[in-house]
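Report on the following structure.
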Amino acid sequence: MLEFMPLILFAAICIVLMFGFPVALSLAGTALLFAGMGLGLEAVGIDANFDSGYLAALPNRLYGIMTNQTLLAVPLFVLMGVLLEKSKVAETLLDAMALLFGSIRGGLGISVTLVGMLMAASTGIVGATVVTMGLMSLPTMLKRGYSTSLATGTICATGTLGQIIPPSIALVLLGDVLSSAYQQAQLDMGIFSPKTVSVGDLFMGALVPGLILVVMYMIYVGLVAFFRPSMAPAADREELMAELGHTSGLGILLLKGLVPPVVLIVAVLGSILSGFATPTEASAVGAFGALVLALAYRQLDWATLKEVLRSTTHVTTMVFLILIGAALFSLVFRAYGGEHMVTELFEGMPGGVVGATIVVMLVIFLLGFILDFIEITFVVVPIVGPILLAMGLDPIWLGIMIAINLQTSFLTPPFGFALFYLRGVAPPSVPTSAIYRGVVPFILMQLGMLLLLTFFPQLATWLPTQF
């Protein structure tokens with residue numbers, strides 16, 4: 001029984017989380033309980049196969065978290081996203097896109113997809129994107145005769161683009177974890193001058209797959225509108241303009257709604273892709289730019305600023321507390337020999353690295369039903385990452401595969417977080433079953449993207465080699 005303690009520890013964490021306890025406290029508390037159990041068994045002469053020396057590394061781990069320059073990008077990108085949400089940039093942008101494309105069949109759906117892409121590239125927060133798009137676009141789409149399932153599915157799917165389109169908070173966290181895993185894998189292989197993989201590399205690797213997903217979504221909406229016009233009818237531009245309450249011309253509205261966020265996104269991503277700035281430095285540029293936009297749109301007062309700072313502090317504190325809890329869990333898991341157990345399991349698995357990768361992707365997909373991407377990134381990736389990378393997988397390819405996998409879990413019924421976000425803001429007349437039906441085609445497209453990356457890994461690995 002004691003030889004299976006790492007698996008029991010992992011199962012215990014999942015069970016505690018399913019009861020709804022705070023994630024950070026669940027990770028740290030359960031890990032401390034098992035550490036105390038191991039020390040207690042050793043004290044009474046029972047060999048629990050527990051190496052307490054791992055616990056001595058905890059102070060260094062915590063110091064490393066607090067001084068990690070890469071993780072400074074998290075609060076700054078969160079601040080940027082919340083500021084843009086409060087400044088109503090997305091609302092103006094959605095109105096402009098709706099007027100531009102709304103007069104064609106499926107045009108509102110295409111508008112939602114494009115605005116969702118730009119919001120993903122500016123906020124990087126799935127919940128904020130889904131809620132904002134649900135409040136702004138769902139009533140208009142339903143009023144214009146759109147199928148409930150198509151409207152809700154499009155909003156949920158485009159909201160999850162924040163997982164994969166840079167600058168994504170998920171990619172920042174994943175990049176930091178994969179960087180450590182890659183270095184550990186190389187040290188385990190006897191390479192004592194290890195190569196590195198950065199958050200910027202993941203950003204570049206995610207760009208092409210993210211844009212392909214956007215094109216897939218738009219093609220799907222267009223095909224539905226072509227073959228089943230009643231599900232995505234065209235809207236009259238004059239009526240739409242009157243309904244949205246805009247008296248200025250379409251050109252002025254586009255200039256006001258489209259140019260500022262695009263300039264900000266180009267400034268942030270362009271500085272990273274060109275090597276002019278690190279992701280942390282670019283996040284500071286983005287946060288300052290979002291502050292300027294909020295002031296320019298006259299949407300920033302002291303009350304709003306306090307709300308923005310409170311929201312940013314809340315998200316940042318949650319991320320770092322989870323990271324601390326995950327660090328303690330990782331040390332206790334290794335103290336029980338969990339790393340060696342997983343290594344032996346993968347090495348003895350049929351199919352070698354292919355079989356191991358399939359199993360890891362399946363486990364991450366299933367865990368996405370009960371855990372958020374932050375917990376999976378901090379708990380699962382540090383365990384399986386070094387082993388898979390030591391088996392020869394490309395770290396950028398692996399990171400993008402994990403990111404899209406987690407994106408898919410956000411959509412999958414019945415526990416997908418994006419479904420819950422939209423359900424919370426959708427009118428009572430929208431049945432939950434319609435939301436579930438609506439996301440199915442988009443889940444299939446995301447799984448298709450995983451298959452594309454499996455057979456054509458260059459989709460993720462080519463762009464980082466060009467810079």
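Predicted model, so just to flag it, every value in this text is computed and none were measured.
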Review point. Ser409 side chain to Leu406 main-chain N or O, any donor-acceptor pair under 3.5 Å?
Key: yes

Check your understanding: Quick one: are Val268 and Phe77 in side-chain contact, heavy atoms under 4.5 Å?
Key -> yes

Review point. Roughly how far apart are Cys156 SG and Ile435 CD1, rounded to 0.5 Å?
Key: 6.0 Å

**Study point:** Ile169 CD1 to Leu174 CG distance, which is reported to the nearest 0.5 Å
**Key:** 12.5 Å

Review point. Between Ser283 and Thr280, is there a donor-acceptor pair closer than 3.5 Å when you use the side chain of the first and the backbone of the second?
Key: yes

Check your understanding: Taking C-beta and beyond as the side chain, do Ser330 and Arg61 meet within less than 4.5 Å on heavy atoms?
Key -> yes

Review point. Between the main-chain N or O of Trp462 and the side-chain N or O of Thr465, is there a donor-acceptor pair closer than 3.5 Å?
Key: yes

Practice item. Spell out, as yes or no, whether a donor-acceptor pair under 3.5 Å connects the side chain of Thr160 to the backbone of Ala157. Key: yes

**Study point:** Thr432 vs Tyr436, side-chain contact (heavy atoms from CB on, under 4.5 Å): CA-CA, chis, key distance, verdict
**Key:** CA-CA 6 Å; Thr432 302; Tyr436 286 0; 3.7 Å; yes

Exercise for review: Apply side-chain contact (heavy atoms from CB on, under 4.5 Å) to Val430 and Leu142, showing your working.
Suggested key: CA-CA 10 Å; Val430 175; Leu142 295 179; 3.7 Å; yes

Point to revise | Euclidean distance, Leu118 CG relative to Leu264 CG, rounded to 0.5 Å | key: 11.0 Å

Review point. Do Phe329 and Leu9 pass the side-chain contact (heavy atoms from CB on, under 4.5 Å) test, and can you show the C-alpha distance, the side-chain angles, and the key distance before you say yes or no?
Key: CA-CA 9 Å; Phe329 165 81; Leu9 169 60; 3.7 Å; yes

Check your understanding: Which atoms form the tightest heavy-atom contact between Leu178 and Gly399, and what is the distance?
Key -> CD1-CA, 3.3 Å

Exercise for review: State, yes or no, whether a side-chain contact exists between Val380 and Phe10 at a heavy-atom distance under 4.5 Å.
Suggested key: yes

Revision key, fill the gap. When every non-hydrogen atom of Arg423 is compared with those of Pro427, the smallest separation belongs to NH2-O, 3.0 Å

Point to revise | Between CD1 on residue Ile400 and CG on residue Leu171, distance to nearest 0.5 Å | key: 5.5 Å

Review point. Are the side chain of Arg105 and the backbone of Ser230 linked by a donor-acceptor contact shorter than 3.5 Å?
Key: no

Check your understanding: If we only count heavy atoms from C-beta on, is the Met361 to Leu450 side-chain gap below 4.5 Å?
Key -> no

Practice item. Compare all side-chain heavy atoms of Ile396 with those of Val197 and state whether any distance is below 4.5 angstrom. Key: yes

Revision key, fill the gap. On a heavy-atom basis, the closest approach of Gly337 and Pro6 is C-CG, 4.2 Å

Check your understanding: Hey, does Arg228 have a side-chain heavy atom less than 4.5 Å from the side chain of Leu150?
Key -> no

**Study point:** Straight-line distance of Ile376 CD1 to Phe365 CZ, nearest 0.5 Å
**Key:** 11.0 Å

**Study point:** Least distance between heavy atoms, Val177 atom then Thr377 atom
**Key:** CG1-O, 3.7 Å

Point to revise | Contacts of type side chain to side chain contact (heavy atoms under 4.5 Å, CB included), residue Leu33, not counting sequence neighbours | key: none

Check your understanding: Can you list the steps and then say if Gln407 with Leu161 is a side-chain contact (heavy atoms from CB on, under 4.5 Å)?
Key -> CA-CA 7 Å; Gln407 180 189 3; Leu161 289 171; 3.9 Å; yes

Review point. Do you know the tightest heavy-atom contact between Trp397 and Thr461?
Key: CB-CG2, 4.0 Å

For residues 201-221, tabulate all N or O donor-acceptor pairs below 3.5 Å that involve a side-chain atom, not counting sequence neighbours.
unit_1	atom_1	unit_2	atom_2	d
Asp201	OD2	Ser198	N	3.0
Asp201	OD2	Ser198	OG	3.2
Tyr217	OH	Gln446	NE2	2.8

Check your understanding: Tyr146 side chain to Leu108 main-chain N or O, any donor-acceptor pair under 3.5 Å?
Key -> yes

Review point. Quick one: does Leu323's side chain get under 4.5 Å of Leu71's, heavy atoms only?
Key: yes

Exercise for review: Would you please name every residue forming a side chain to side chain contact (heavy atoms under 4.5 Å, CB included) with Ile443, sequence neighbours left out?
Suggested key: Thr408, Leu411, Thr412, Pro413, Val439, Leu447

**Study point:** Donor-acceptor contact below 3.5 Å, side chain Thr357 vs main chain Val353
**Key:** yes

Check your understanding: Can any side-chain N or O of Thr312 pair as donor or acceptor with the backbone N or O of Val308 at less than 3.5 Å?
Key -> yes

Check your understanding: Does some side-chain heavy atom of Met401 sit less than 4.5 Å from a side-chain heavy atom of Leu393?
Key -> no

Review point. Do Thr152 side-chain atoms and Ser149 backbone N/O form a donor-acceptor pair below 3.5 Å?
Key: yes

Revision key, fill the gap. Distance col, row Ile322:CD1 vs Leu25:CG, nearest 0.5 angstrom, shows 10.0 Å

Practice item. Specify the closest pair of heavy atoms between Val172 and Ala73, including all atoms of both residues, with the distance to one decimal. Key: CG1-CB, 4.2 Å

